[in-house]
Number of protein chains: 2
Amino acid sequence: MLDHTTGADLTIDHMRAAHDRIRPHIRCTPVLTSDYLNDLTGAELFFKCENFQEAGAFKVRGACNAVFGLSEEMARKGVATHSSGNHALSLSYAAGRRGIPCNVVMPRTAPQAKKDAVRRYGGTITECEPSTTSREAVFAEVQARTGAEFVHPYNDPRVIAGQATCSAELLEQTGGLDAVVAPIGGGGMISGTCLTVSNLAPETKIFAAEPEQADDAFRSFRAGHIIADDAPETVADGLKVPLKENTWHFVSNFVTDIHTASEQEIVDAMKLTWKFLRVVMEPSSAVPVATILKNPNTFKGKRVGVIVTGGNVDLDKLPWLK
Amino acid sequence: MLDHTTGADLTIDHMRAAHDRIRPHIRCTPVLTSDYLNDLTGAELFFKCENFQEAGAFKVRGACNAVFGLSEEMARKGVATHSSGNHALSLSYAAGRRGIPCNVVMPRTAPQAKKDAVRRYGGTITECEPSTTSREAVFAEVQARTGAEFVHPYNDPRVIAGQATCSAELLEQTGGLDAVVAPIGGGGMISGTCLTVSNLAPETKIFAAEPEQADDAFRSFRAGHIIADDAPETVADGLKVPLKENTWHFVSNFVTDIHTASEQEIVDAMKLTWKFLRVVMEPSSAVPVATILKNPNTFKGKRVGVIVTGGNVDLDKLPWLK
């Protein structure tokens, strides 16, 4: 259905078709609020808790859209991907629900919790070095061997259309927002957010939140072209990958601004949200809260949606307990 | 309204009146599910997440019912209580919303997170030793000095009627259950659950879950009369207090059974739920999951509501990281 489609070709109907396709396999996650965090930020925050997806991340949306959109013939050889974590386990989860094989290439440094989840869902892991170059080389070998359908973690219109369903729910659940803030790594969630929000709520601003130590999207946005870093280091392990052409389309055309936060600010925001929202969220998911706290004038008095992207955390290694 | 009412006098109309009174001040918390935890237990579990109340515990329901039910004249002198934690901060929260003073007596060993929350909501803390005897003695002095209205953490029909609103929401949100499991300390939540469930869903079984190391309700239930322990020690800090006459009425007449769990089983269940449900819950809230895992034949194949009672945890002192 999405053959020969690029990010630029995606329409709101692709999001709607994705939503119909994946609805039996995902949760319409709840939106939580905290008076305390509202007082602290001066904004009215609406947390869309994608950490409550069964696989613990919004990435099941895109993964399910890709997996359940395959023809019977394509599905037979299974799917394959490379991912720092949540896409790997989400694709394994989606493939498991369809009963087809899933091969994933993961950096050997990926969190143990995420590797464990991939295996629990029946995925097969091949490890690589923690750099984009190594990951792509190892992946080429795996794909050649299996003939599986490649589902890129974010640079895939099927994936972007799936992620776009999240903000459709958020807009409906909240009855409208002044702004949405989501983390940015490769840009899959932000692109899906742009697709939905620019069509259904064009007056709503879209902010991306990125770690200072992996600020390639921030620099790309300022420069007007993609700048890619190989293997940046940040506690927000889901946000290390660079933009690609399909996500750059959305970032360059629809994002209002990109804000960054330091490692300490991310960890502080994570602990703060665990304490007052009482949800288990990943460091990557704390970056939006960190940037909202850091840019009070942008968000004060506004109704702000915050995408809590995932909750797959190693509970034995919490970053504030080092 | 509830003058001269005892536990035995409470009717479902008291619950309904409480719900109408407190609705502007509480959240109708979401019900979460986990395929993983369902597979593990063989049951279909519905987690009613009271940890997502602003004050982080179901106790805001009873506290708000008591505080907002006071006449203007009574309210002027404020409210007072003794509590190991969540009732203290919930009563402070409720009093703060009405703009009246709140005095609480807390054991000096109470978790710092709970003391901090009481102060954040404007409550005044007087510390006592961690025993029922010391707590009651110090409280008598505080009440004599302030003339405040005593709102007992659980042995108060206004409080029980408030807690009863939780399972009314749970029954409606799930469309019916075979069983409900809630932790038992003093018995406020279990009594409210009994009030609602015995009236609205009399075929639904009611199980209480208690730490082995503070198993006074379990022994009371077997003996047929209240047995009180002074100062038992358990990681489930909310469950150390004994039953009293108003809660004993419900426990002795409506509870199907009481199950217990060891300290290690409670901590394991807590970590398991954080990992797979991705919510921050207290040790006390993990006791139901521990007892469900321990009694599979009781719950297998059943639709089971689980009350997640609270989420006020010291994130610097997690019990599995010792």
Side-chain angles (χ1 to χ4, degrees), chain A residues 25-40 47 49-57 60 89 93 96-97 112-114 116-117 120-121 173 267-268 270-282 285 308-322, chain B residues 25-40 47 49-57 60 89 93 96-97 112-114 116-117 120-121 173 267-268 270-282 285 308-322:
Chain A
H25 310 291
I26 62 154
R27 301 209 170 101
C28 177
T29 54
V31 173
L32 299 184
T33 61
S34 159
D35 295 351
Y36 181 85
L37 294 175
N38 288 350
D39 288 348
L40 196 66
F47 292 90
C49 290
E50 291 292 295
N51 52 332
F52 297 152
Q53 294 291 353
E54 182 67 24
V60 288
L89 64 90
Y93 173 79
R97 285 188 74 102
Q112 192 59 42
K114 294 185 181 178
D116 292 346
R120 200 165 57 241
Y121 295 136
Q173 288 168 307
V267 174
D268 289 349
M270 179 180 174
K271 191 177 177 189
L272 187 77
T273 321
W274 282 46
K275 185 172 168 70
F276 291 103
L277 204 63
R278 300 177 185 91
V279 304
V280 171
M281 59 151 68
E282 301 181 22
S285 304
V308 179
T309 46
N312 292 315
V313 180
D314 186 342
L315 294 172
D316 292 314
K317 288 185 190 164
L318 297 174
W320 58 82
L321 294 176
K322 273 179 182 168
Chain B
H25 309 292
I26 63 155
R27 301 206 171 104
C28 177
T29 54
V31 173
L32 299 185
T33 61
S34 158
D35 295 350
Y36 182 86
L37 295 175
N38 288 351
D39 288 347
L40 197 67
F47 292 90
C49 290
E50 291 292 294
N51 52 331
F52 298 152
Q53 294 291 353
E54 182 66 25
V60 287
L89 64 90
Y93 173 79
R97 285 188 73 102
Q112 192 59 41
K114 295 185 180 180
D116 291 347
R120 199 166 57 240
Y121 294 136
Q173 288 167 307
V267 173
D268 289 349
M270 180 181 173
K271 191 177 176 190
L272 187 76
T273 322
W274 281 46
K275 184 171 169 70
F276 291 102
L277 205 65
R278 303 179 182 88
V279 304
V280 171
M281 58 152 68
E282 302 181 21
S285 304
V308 180
T309 45
N312 293 314
V313 179
D314 186 341
L315 294 172
D316 292 316
K317 288 185 191 164
L318 297 175
W320 60 81
L321 295 175
K322 271 179 181 167

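Chain identifiers are assigned alphabetically (A, B, ...) following the order of the sequence lines, protein sequences preceding nucleic acid strands; residue numbering begins at 1 within each chain. Not measured: the values here are computed from a predicted model.
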From CZ (A:R120) to CG (B:D39), nearest 0.5 Å: 10.5 Å
Proximity breakdown for B:L321 and chain A, heavy-atom pairs closer than 4.5 Å: side chain
Heavy-atom contact with chain A under 4.5 Å, split by part of B:T33: both
Reported CG-to-CZ distance for the pair B:L32 and A:R27, which is rounded to 0.5 angstrom: 8.0 Å
Pairs of heavy atoms under 4.5 Å with chain A: top-ranked of B:A117, B:C49, B:S34: B:S34
Engaged part of B:E282 at the chain A interface, taking heavy atoms whose separation is under 4.5 Å: neither
Side chain proximity check, B:L318 to A:L318, heavy atoms < 4.5 angstrom: yes
From CE (B:M270) to CG (A:L315), nearest 0.5 Å: 9.5 Å
Side chain, backbone, both or neither of B:L277 within contact of chain A (heavy atoms, under 4.5 Å): backbone
Identified side-chain contact (heavy atoms from CB on, under 4.5 Å) counterpart of A:R278 within the set B:V313, B:V280, B:V308: B:V280
